[in-house]
Each structure stands twice: as C-alpha cells, then as structure tokens.
Q: 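Would you mind keeping the following structure in view while I ask a few things?
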Protein chains: 4
Amino acid sequence: MSRAPNAARRSESSRRAILTATAELCSEDGYGRLTIEAIATRAGVSKKTIYRWWPSKGAVVLELLDEAASVAVDPPDTGDLATDLRALLTEVIGLLTPPHNSPAIGLIAEALHDPDLARDLRERLIQPRIATFKERLRRAQETGQLPPDADLDVALDLLYGPLYHRMALHLGMPDSSHLDSLIAHVLRALTPPPSAGVPEQRRESQTGVS
Amino acid sequence: MSRAPNAARRSESSRRAILTATAELCSEDGYGRLTIEAIATRAGVSKKTIYRWWPSKGAVVLELLDEAASVAVDPPDTGDLATDLRALLTEVIGLLTPPHNSPAIGLIAEALHDPDLARDLRERLIQPRIATFKERLRRAQETGQLPPDADLDVALDLLYGPLYHRMALHLGMPDSSHLDSLIAHVLRALTPPPSAGVPEQRRESQTGVS
Amino acid sequence: MSRAPNAARRSESSRRAILTATAELCSEDGYGRLTIEAIATRAGVSKKTIYRWWPSKGAVVLELLDEAASVAVDPPDTGDLATDLRALLTEVIGLLTPPHNSPAIGLIAEALHDPDLARDLRERLIQPRIATFKERLRRAQETGQLPPDADLDVALDLLYGPLYHRMALHLGMPDSSHLDSLIAHVLRALTPPPSAGVPEQRRESQTGVS
Amino acid sequence: MSRAPNAARRSESSRRAILTATAELCSEDGYGRLTIEAIATRAGVSKKTIYRWWPSKGAVVLELLDEAASVAVDPPDTGDLATDLRALLTEVIGLLTPPHNSPAIGLIAEALHDPDLARDLRERLIQPRIATFKERLRRAQETGQLPPDADLDVALDLLYGPLYHRMALHLGMPDSSHLDSLIAHVLRALTPPPSAGVPEQRRESQTGVS
DNA sequence: ACGTAACCGAGACGGTACGTCTGGTCTTCAA
DNA sequence: TTGAAGACCAGACGTACCGTCTCGGTTACGT
C-alpha cells in the first residue's frame, strides 16, 4: 500500500543535487560503475529520496539526458535536406560516441532488460526526436525534395539504423564521409523508380550539400 | 601472477555441464537473471572452474551461442538476391526477437560495457556472418545483380542497421512486408543513378521477392 | 533553542488517539515491533506531535501503563500480612507475565539503556508501589506482625527480587505455591534470631491466612 | 532452501577477529551503539560471514561473554558458606554493574524480546552458574551448614533476585554491607523454625562473614 | 475582532543500519 | 595435483525507522 509521494512538496535542490552527482559520477567512472549509493553520498542525499522519485538508476540517468537534451522541437531547416539530416544524425552520433562510457549507451543497455525503463526511454527521449525527424522529412515532401509517397518509417530505419548497429557491435561510428555516403544512398532509395525528371530534383538537393 | 590453466587437462564433461546449465537457466529465467553461482550449482561444478576458463558470464553465453550457431559459412544462394538477403536477415531477427529474454540481446547489452566481451562477440559471432553476407553480395556483383562498385559496407549498415535500431529502442522487429520493403529500398539505393538498363535488373530482383 | 510547547493548548484528542493506538499496536505486535511511525499512522497524527510531547516511544508506553495502573495508593490490608503481600506481588507478576509481549517488560528492557526513561519509570511507576509496599510493612510492625527493627529494604529486595530475576532470565513466574513459599521464607528471614516467643507470633499471623 | 554452513570449514581467524572487534566496540561505545556493520568493518570481515554463523548481534556478544566467563565449574569452597556466597554474588554484581554500558545488561535487555537469544543466554551462561551455586549449597547441606530440606530454588531466588531487581529498576547494586545483610537474612530464612541447636550453627557462619 | 502565535495533519528530508544478494578469490578435502 | 564444494571479503541492494524539518490549515489567545 505504498502511496505516491506528494510531488508538490518535492525538494528541487535535492533533485538538482542528485542529477548533478549522477552526471559527475557518470563521467568519472562510467555508467557501469554508477551506483545509487554513490549518487546519494555524492549528492548529500538519502537513498530513500532517490528511491522515492525514481524507480532505478536508469531512470535517474534518463532524466539527466532528458534535461541535457533540451530537445529542439523544431527540426533544423536550412532548405537542404541532406544537410539537415546530417545535423540530426550527428547529434545522435554524439550521444552514442562515448568519450569514455556514455550514459546514453548505458541507458540503452539497461533498457534491454528493463521494459519499464525501455518504455520511458522511448517516450521521453526517442519519440520526440523521431517526430522531429519525420517532421523534417514531411517538409521535404512538401517542397518536392522527396516524393509524396516516400516511406518515412523506412527512412527512419535506414538512417538511424546504422548508428545503432555500429553501437551494438562496437563497429565505430561513421565518419564524415561515411555519413555523407549513407545519406546519399538513403535519399536515392527513397526516390521513385526512375521515370522522369524527379532524379534531377534530388540531385539538386545533394549538390546543395557540398 | 595467475598462471594460465592447462587446456589439455580440461574436463570436457564439466564444460558441457556448464554450457547445458547455462542454456537451461537462460531459457528459464532469462539472461538477466543468469548468475555464475546458479550455473555452478546447476552444473554441479565449482565456481572456480567457471572462472578458470571464462572471464565472465557473458563469455559463457557467447560460447553457447557460438556452438548453437554452427554458422553456415556458405551464404544461401537461390540465385535471387532479395530472397537470400531475406533469409540472412530473418536469421538475425530470430536472434534478436526474444521469445522471452534472448541470450543474444543480453550478450549485446553486456558487451556495451565490457570491451573484452565486445571484441569476442564481434570476432566469434559477428564477423563470420558479416563475411558471409558480403560474400553473397560479391556474388551478386559477379552475376550483375549489383553494380560492381556498390558499397558493400553501406549495404551492411542499411540492411542490418534497422534490426539493431529496433532492438535497441524496443520498436519491434520488422514483419514480413516491412522486411521486403527494406530490402527493396536498399537494393534501389545500391543501384547507380538511372542511366542505363540497370534499373530493369533491379526491378527483376524485386519481382522475385514477392 | 527549542522552546517548550504550551501544554495548555495541547490537543487532548490527539493524546488519546496516540495512547489508544499505542495500546492496540502493543498488544497486536508486541512492544518490540512498536514504532513511532506506526503509532502516528494508526492514530492519524503527525510524528511531530508525538515527538513534541514525548521523548521516546518508551515514554509513550510509560504513560499508557501509568494510566492503566491507577495505582491503589493505599496498600491492601486484610489484617494478615502474608495475604496482603501475596496480593501485591501478584499484581507485579501480572505485569511481568506476558500473555504475548508485555509492554512492562519492553519498557524495562528499553530503560536498561535509556537512563532518562529509567528515571521516569522509577519515579512514576515503581516508587509509588514501593512506598505502598513499605507502608504495609510499617503497619505490620505497628501490629507486631514484624519486629520493629525489620529491614524493610531487605524485605523489598527479597520479595520483589525473585520476580525480576525470573523475568530477566526467562525462568517463568512463580506459581501459587512457590509464592507462598517465598513469602514464608522472607517472613522468617525478617524475624529476629530465635530467643523468645516471637516465633509464636509469626505462626499466629500465618494461621490468620487460612 | 538455505543450507546450513559447514562448521568444519569455518575460519577460526574470522571468528576471532569478529569477537575481538565486538569486544572493542562494546567497551568503546557500549552495547547499545554496537552494530553488525561496525563489527564487520572493524574485523575486516564480510557482513555475510557474521550472519552465516550468528543470528543476531546478541548472539555474538553472548559468545563473547561465554568465552570471557570461562566458568569456574567448581564452586568456591572456603568452608564458610556466607563467604562463598558472597564471592558468587560479587561476580554477578560485577557483570551487572556497568562501568559504562555492560554487555551483560545489553544482552539481558535484548533477550527480553528475543526468545531464541533468551534460551541461548540461559543455557550457555546462566544455567552453569546456577548449577555451580546449587552445588555449593548442596555441600553446605552435607556439612550441616544448611538443613537437608532447605529449598535450594528459593535460595537461588532470594540471593540472585535482588541483583536483577536492582538492575532492572536502576536501583544500584548492593554495597558490601547490604550484601552481608542479604546473605544473613537468606541463611536465616533457610533454617527451620527454631527448635534445636541449629541456630548456633547459623550464627557461626554469620560470624565467619564479618 | 482580529491578528498572531502555536498546535495540528501530513509527509519529505538526511541518516543509519538492517539483512540479502552477487561477484570474484581463497581454502579445504577427497579422489 | 586436480577439481568440487563452499567459505571468504567486498560492497551494493532496497527497506525500515529514526528524529528533524517545512508546509498550509485551524484554533484560541491577547491585545
């Protein structure tokens, strides 16, 4: 019969101390070494206070990333699709490229056997970015940079997929030219079978990249 | 100054018991609940014996998968590229689709913060499959199903990437039609910009898929 | 510099609720399981309110016993000393014989490492009873049932001592015949060394018992 | 399904370290401040190791006292009963008179709400001393210092009772003259109603005390 | 009569210690 | 002289209460 704590009376200073301590410890020792005990000690906070507001250390880190992300709800829009996709992918590459032991990677690892955390991760971090991504593609359809019937879900898979693939298998994130090549391939895949002048349009947008 | 154990005197029956126990426990409780202690108890083996031959529980599971995989070194070759890619991807989908709590997923999760395990995983399980995959693409180039300058690394990223993407974010494995669509898109991406009869060839291979 | 609360404004209903809840919890789970938190919850009272008026859970229980005790200030006096001593001892036996987990015993246990509580316990529960006990013996001296120079402190020790001895070591409270025997021995101890007809006097008083 | 640990393989050095640490902490901070955690830390031992062999901190302290006691199985026997009783009682007074925060008192307090510990305490510490005490009285009966039908259980109650009474109520241990007086009274109580030369014998023993 | 002091409920907070768990190492003993 | 059995150190886990502390709301006194 554990009743929910009263969020109104929550101590913001404790919350801040916890997130700060988590960030520090995470960058010092890596997500793997991160411990609720250590967070509590570093933050000068009772373990109970952490457990009161978060179900697991993963949830704390998720909130940390959530804050840090400060999601740009509006997608970048320079007018050139490839450039904007590059920007979006580069942000994710940043999250998945550990200087040491990335919190994002740790979070994904933990979510792999914690369905609750997985759901939170998806809802709070991933879905907003997916929406942003699709919004940009939708604009591209409006401007004719992409055909109106292009499958945006496939685009999502093809563009983000490689990053997770490489993360999961420790294959190294794509460098700048890999990235350009990937984007070019995917844009080509999304264009309709060659019939008329559509390809020219695509080529124009690619030209804009260089 | 820990001396290496003498592999020649290793007890094969212990090894078998350990792997069997690991398999059982893994399918009963899932990788997450798996414990060296539990393996030792179930296998009737000392913990020391496990630590003597494997550095971590991940390594045990890796060996388990390695055996079970008995990789078909030769790629499938029905003559139709899309069909064969489908077969290759479907195998991976099987590994990444947990009936319960897949050992493969657990292994990937653990490898995310264990570089040694990651290396072993890559060398023993992943690279052989990548080689097989590329071998099939190379044959496709020889038969003209793919252009000779197609970037096989990009193909790898685009085809396997989506699976890991979906695994990592719990988005659900692609179903049959998703898969067809992905393969079709990727094959289109790999063909050169429309100039000659190549597109026809591609369309043929797509027809073969349906 | 915590100022003393104003007793005049104290809420009697809270006090009652706290004592009632304490009594219930004590009889349900025993003194050992009793916690301030549980009392507060059961009584529908803030923990602060308890701490405002009592220094410890022991103090609450002490007040509970104090109320329940409703000390008979006047000692029993049937005219027969042994009978009256029996009555006095029987009351204490009742307190120290747990049907379950006696609050009195719990209180004594806690007082063993809480000097403040020990003092309160002595002053509020014990001393009045000792005074009553001695008052009865004094009357016995006046009526000649005890010699005028009988050592009343020794009598106290000899009569109550066995009860605490048995409580402390879980030896079981004396039954009816033990009790008679104890009283008889102690009365004999208090009589002066045999010189004249004194023994007869004692025997008379014993006869009065039947 | 917790299997019992194998006592044969128990580490004597750990056991010693634990008991030593317990003794130190007990005399430094008192029984009340004693903590399993602190014992483990001080002893350089895992908490698990303590819990493996003892059910509670009380049990550890009990074993400590048990060792320290190294009970003299043979009762003192100077030939004078009162003198020997004095010696026996003085030993107990020593245990129950805290220089600070006596382990024995803490143990008794804990046993008051821990029946298992109470049983152990009785069997390992108390009963042997009771047996020793009664053995001395039995010899006194043989030498005629006590009547053959003296009730030894009553003697036990009357002699040890006062000590526990005073301990429980923080009344202060009896000083030397109190003690003499108590013993004298009890010996008188154990002698039969005056009829023959017995009193002389008693008086002799009393003389021996002074 | 009305401001204000202080009690009240509620419960979040920093802490301490609990007893359990798992990981990896070290010791013992039987074959 | 190996290897099964398992005790050991280490320390994080999540829980239970502790006693302190705000926070509004509500008496009830004192001016």
Side-chain angles (χ1 to χ4, degrees), chain A residues 2-11 13-15 17 33-41 43-53 55-57, chain B residues 2 5-6 9-11 13-14 17 33-38 40-41 43-52 55-57, chain C residues 2-11 13-14 17 33-41 43-53 55-57, chain D residues 2-11 13-15 17 33-41 43-53 55-57:
Chain A
S2 66
R3 297 179 45 270
N6 181 343
R9 317 197 114 192
R10 181 168 184 183
S11 158
S13 69
S14 290
R15 183 175 159 280
R33 306 280 180 207
L34 193 61
T35 279
I36 296 276
E37 300 241 359
I39 296 173
T41 300
V45 138
S46 168
K47 283 202 288 177
K48 177 85 182 215
T49 299
I50 299 179
Y51 285 114
R52 183 152 33 222
W53 302 110
S56 65
K57 78 167 180 175
Chain B
S2 65
N6 180 342
R9 318 191 101 197
R10 181 169 182 181
S11 156
S13 68
S14 290
R33 307 283 179 206
L34 193 61
T35 283
I36 296 276
E37 304 245 354
T41 300
V45 139
S46 166
K47 284 201 290 177
K48 178 88 181 206
T49 301
I50 299 179
Y51 284 113
R52 181 148 35 222
S56 66
K57 79 167 180 177
Chain C
S2 65
R3 297 172 51 268
N6 180 342
R9 312 184 67 173
R10 182 169 183 181
S11 158
S13 69
S14 291
R33 307 283 180 204
L34 192 62
T35 64
I36 297 276
E37 301 241 358
I39 295 173
T41 299
V45 139
S46 169
K47 284 201 289 176
K48 178 100 181 199
T49 300
I50 299 179
Y51 284 113
R52 178 146 41 217
W53 302 110
S56 66
K57 80 166 179 176
Chain D
S2 65
R3 297 176 49 268
N6 181 342
R9 317 184 69 175
R10 182 169 183 182
S11 158
S13 69
S14 290
R15 183 176 158 278
R33 306 283 180 206
L34 193 61
T35 281
I36 297 277
E37 301 241 359
I39 296 174
T41 299
V45 140
S46 169
K47 283 201 289 176
K48 177 98 180 203
T49 300
I50 299 179
Y51 284 114
R52 179 150 37 221
W53 301 111
S56 66
K57 79 167 180 177

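By convention in this document, chain letters (A, B, ...) are assigned in the order of the sequence lines, proteins followed by strands, and residues within each chain are numbered from 1. Values below: all heavy atoms of this structure, side chains included; hydrogens, waters and symmetry mates excluded.
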Q: Rounded to whole Å, please give me the gap between CD1 in B:Ile50 and P in E:dT22.
A: 14 Å
Q: Report the distance from atom CG of A:Asn6 to atom P of F:dT22, rounded to the nearest whole Å.
A: 17 Å
Q: Suppose we screen for side chain to side chain donor-acceptor pair (under 3.5 Å). Which residues come up paired with C:Lys48, at least two apart in sequence or across chains?
A: none
Q: State which residues pass side chain to side chain donor-acceptor pair (under 3.5 Å) with C:Ser14; sequence neighbours excluded, sorted by chain then number.
A: C:Ser11
Q: Output all residues satisfying side chain to side chain contact (heavy atoms under 4.5 Å, CB included) with D:Arg33, sequence neighbours left out; order by chain, then residue number.
A: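 Here the qualifying residues are D:Asp29.
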Q: Applying side chain to side chain contact (heavy atoms under 4.5 Å, CB included), can you list everything that pairs with D:Ala17, at least two apart in sequence or on another chain?
A: D:Ala43
Q: Output the rounded distance in Å from CD1 (C:Ile39) to C1' (E:dG11).
A: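 Rounded to whole Å, this separation is 17 Å.
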Q: Does C:Arg10 have any side chain to side chain contact (heavy atoms under 4.5 Å, CB included) partners at least two apart in sequence or in another chain, and if so, which?
A: C:Arg15, C:Trp53, C:Trp54
Q: Applying side chain to side chain donor-acceptor pair (under 3.5 Å), name anything that partners A:Lys57, two or more places apart in sequence or on another chain.
A: none
Q: Could you go through nucleotides 16-20 of chain E and list every protein N or O atom that sits under 3.5 Å from one of its N or O atoms, giving the distance for each pair?
A:
residue: E:dC18; atom: OP1; partner: D:Ile36; partner atom: N; Å: 3.1
residue: E:dC18; atom: OP2; partner: D:Ile36; partner atom: N; Å: 3.1
residue: E:dC18; atom: OP2; partner: D:Glu37; partner atom: N; Å: 2.9
residue: E:dG19; atom: OP2; partner: D:Tyr51; partner atom: OH; Å: 2.6
residue: E:dG19; atom: N7; partner: D:Lys47; partner atom: NZ; Å: 3.0
residue: E:dG19; atom: O6; partner: D:Lys47; partner atom: NZ; Å: 2.6

Q: Establish, with yes or no, whether the OP1 or OP2 oxygen of E:dA12 is under 4.0 angstrom from a side-chain nitrogen or oxygen of A:Ser11.
A: no
Q: Run the side chain to side chain contact (heavy atoms under 4.5 Å, CB included) test against B:Ala40 and tell me which residues pass, sequence neighbours left out.
A: B:Lys47, B:Ile50
Q: Report each atom pair, protein N/O against N/O of nucleotides 27-31 of chain F, whose distance is under 3.5 angstrom.
A:
residue: F:dT27; atom: O2; partner: C:Arg9; partner atom: NH2; Å: 3.3

Q: Taking C:Ala38's backbone N and O only, do any of them form a donor-acceptor pair with C:Thr35's side chain (distance below 3.5 Å, no angle check)?
A: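 Looks like yes, one N/O pair under 3.5 Å.
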Q: Select from C:Trp53 and A:Ser14 the residue whose nearest nucleotide in DNA chain E is closer to the 5' end of that strand.
A: C:Trp53
Q: Between P on F:dC8 and CZ on D:Arg10, what's the gap in Å once rounded to a whole number?
A: 7 Å
